[in-house]
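First the proteins, then the strands, lettered A, B, ... as listed; each starts at 1.
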Number of protein chains: 2
Amino acid sequence: MINILIADDHKMFVDGIESILRLEPDMKVVGRCYDGSSVEEAVIRLKADILLLDVNLPGMNGIEVCKKLSTTAKHVKIIAISMFNEESYVTEILSNGASGYILKNTGREELIKAIKTVDSGLSYFSEEVKHTIMKGLMKNNEKKEQKSKFFPKVSKREKEVLALIIDEHTTQEIASKLYISLKTVESHRSSLLNKLNVRNSAGLVRVAMENNLLAE
Amino acid sequence: MINILIADDHKMFVDGIESILRLEPDMKVVGRCYDGSSVEEAVIRLKADILLLDVNLPGMNGIEVCKKLSTTAKHVKIIAISMFNEESYVTEILSNGASGYILKNTGREELIKAIKTVDSGLSYFSEEVKHTIMKGLMKNNEKKEQKSKFFPKVSKREKEVLALIIDEHTTQEIASKLYISLKTVESHRSSLLNKLNVRNSAGLVRVAMENNLLAE
DNA sequence: CAATTTTTGAGGGTAATCCCTGATATTAGA
DNA sequence: TCTAATATCAGGGATTACCCTCAAAAATTG
């Protein structure tokens with residue numbers, strides 16, 4: 001028997017899910033929550049196996065709830081439910097412990113399949129959600145291009161120096177590692193400060209990491 | 001008519017694709033490339049609409065090719081093909097301009113569907129690929145948890161100082177902004193260096209950004 | 001091959017960081 | 001309530017980073 005807890009503030013929707021699951025002999029809805037802050041307690045008290053969790057929940061949103069449960073109630077498996085197919089929601093809640101993500105227009109069969117899949121230890125995502133994520137992946141391209149136009153290209157040697165600065169090395173150490181003079185390293189560092197338009201090494205590290213300058 | 005160029009160094013595989021596509025009245029294989037460096041020229045000369053691009057290509061790999069084409073031949077739509085379902089390959093090539101990703105065990109129907117879908121301006125990914133990506137998303141969770149246990153908590157005031165360091169402010173500026181003495185800021189900075197176990201401000205920025213210390 | 005960019009290097013100086021050893025209120029947790 | 005952590009501040013010194021100007025090989029690119 002799979003014990004299911006539903007956390008959603010839309011009563012009609014909860015009723016709908018419950019009427020669907022009533023027909024399943026091996027599933028049982030053991031409770032409902034209408035706000036985020038009561039979820040944790042309910043999960044533990046009712047020994048829920050599966051939590052159907054609305055992402056946009058009043059009080060404490062789904063992502064917060066997820067984060068909390070991943071430390072206080074690791075056993076429960078979470079399927080996130082959302083009205084909208086928002087990329088940011090999906091990535092955020094998945095990296096905070098949810099095992100599945102489905103949309104509210106999901107039909108009866110898919111809901112049951114999702115629950116069974118997740119209960120067995122696998123993950124489940126609806127087609128639309130998968131597609132959204134894949135599209136999101138491709139957008140990185142555009143972003144990268146836009147950003148990289150704002151500051152001129154950083155040369156190969158400068159990248160080497162930058163990498164060592166990020167790695168907490170002093171100018172002297174960098175000079176030794178690259179077999180060049182201290183003054184040369186200072187020169188590179190100075191160019192980097194200019195190119196990336198920052199005031200100090202802290203800024204270099206920040207900009208480099210924000211823009212993945214060392215990736216390519 | 002859809003003009004298709006195939007770039008793959010496995011001759012048998014190319015033959016297979018070509019024999020499949022020969023039966024399609026509205027598709028035509030206009031050329032083949034057996035290494036990465038010749039792809040760009042061929043795409044332009046043969047006016048290819050679709051490029052079936054092997055990720056692991058000799059000479060210049062698929063990702064490099066993709067990156068190049070996104071500036072020199074924007075019109076061509078790229079479907080990446082790979083033997084393996086490697087998350088890193090998928091994300092990398094997708095964020096460099098590919099419109100689709102399929103595996104080499106793809107059947108006839110799926111291949112044709114992929115080509116038609118991408119040609120119409122949409123993107124296409126095989127089920128296995130989608131699943132790999134989604135699983136990868138969830139892994140972020142584990143990484144985050146592991147890291148955050150290694151260093152002790154950073155106090156509220158220390159976070160304020162840290163934020164200003166990341167924002168490229170000097171100790172004197174931070175002191176003025178927080179209405180405290182320069183020595184106090186130095187004290188906080190020193191504590192941060194100890195707690196985060198780094199040698200200098202560059203390290204502070206790196207660790208802070210890697211672990212999202214300012215988020216909470 | 002010419003022009004540009006990159007990489008290399010120097011001198012000399014100012015400003016900022018980092019380290020050490022202290023100390024005293026304030027605050028939060030057990 | 002008592003203890004531990006936090007936030008505040010100081011002197012002094014060593015090291016490092018940052019700024020300026022300048023310049024000459026070396027590599028890339030047209």
Which residues pass the salt bridge (Lys or Arg N to Asp or Glu O under 4.0 Å) test with A/Asp8, not counting sequence neighbours? A/Lys104
Taking only N and O in the side chain of B/Thr184, is any of them less than 4.0 Å away from OP1 or OP2 of D/dT8? no
Using salt bridge (Lys or Arg N to Asp or Glu O under 4.0 Å) as the criterion, list what pairs up with A/Lys11, not counting sequence neighbours. A/Asp15
Output side-chain donor-acceptor pairs under 3.5 Å for residues 173-183 of chain A, partner residues at least two apart or in another chain, one line each.
from     : atom 1 : to       : atom 2 : distance (Å)
A/Glu173 : OE1    : A/His169 : ND1    : 3.0
A/Glu173 : OE1    : A/Thr170 : N      : 3.1
A/Glu173 : OE1    : B/Arg199 : NH1    : 3.0
A/Glu173 : OE2    : B/Arg199 : NH1    : 3.2
A/Glu173 : OE2    : B/Arg199 : NH2    : 2.7
A/Ser176 : OG     : A/Gln172 : O      : 3.2
A/Ser181 : OG     : A/Lys183 : N      : 2.8
A/Lys183 : NZ     : A/Glu186 : OE1    : 3.3

For B/Arg189 and B/Glu158, what are the C-alpha separation, side-chain angles and deciding distance, and is it a salt bridge (Lys or Arg N to Asp or Glu O under 4.0 Å)? CA-CA 7 Å; B/Arg189 169 184 247 123; B/Glu158 284 165 350; over 6 Å; no
So which of B/Asn3, B/Val39, B/Val118 actually passes side-chain contact (heavy atoms from CB on, under 4.5 Å) with B/Leu51? B/Val39
Contact letters for nucleotides 14-21 of chain C, in which S counts primed atoms plus P, OP1 and OP2 and B counts the base, heavy atoms under 4.0 Å: ---BBB--
Min side-chain heavy-atom separation B/Val55-B/Ile81 under 4.5 Å: no
Hey, is the side chain of B/Lys195 poking within less than 4.0 Å of OP1 or OP2 on D/dA5, counting only N and O atoms? no
Could you tell me how far apart B/Leu192 (CG) and D/dT6 (P) are, to the nearest whole angstrom? 11 Å
Determine, for nucleotides 22-30 of chain C in 5'-to-3' order, which nucleotides have protein heavy atoms under 4.0 Å from the base (write B), from only the sugar-phosphate (write S), or from neither (write -). ---------
Based on the rotation axes of five pairs at each end, what angle does the helix from C/dC1-D/dG30 to C/dA30-D/dT1 bend through, to 10°? 80°
Please tell me which of the listed nucleotides, C/dT8, C/dT7, D/dA7, lies nearest to the side chain of B/Lys156? D/dA7
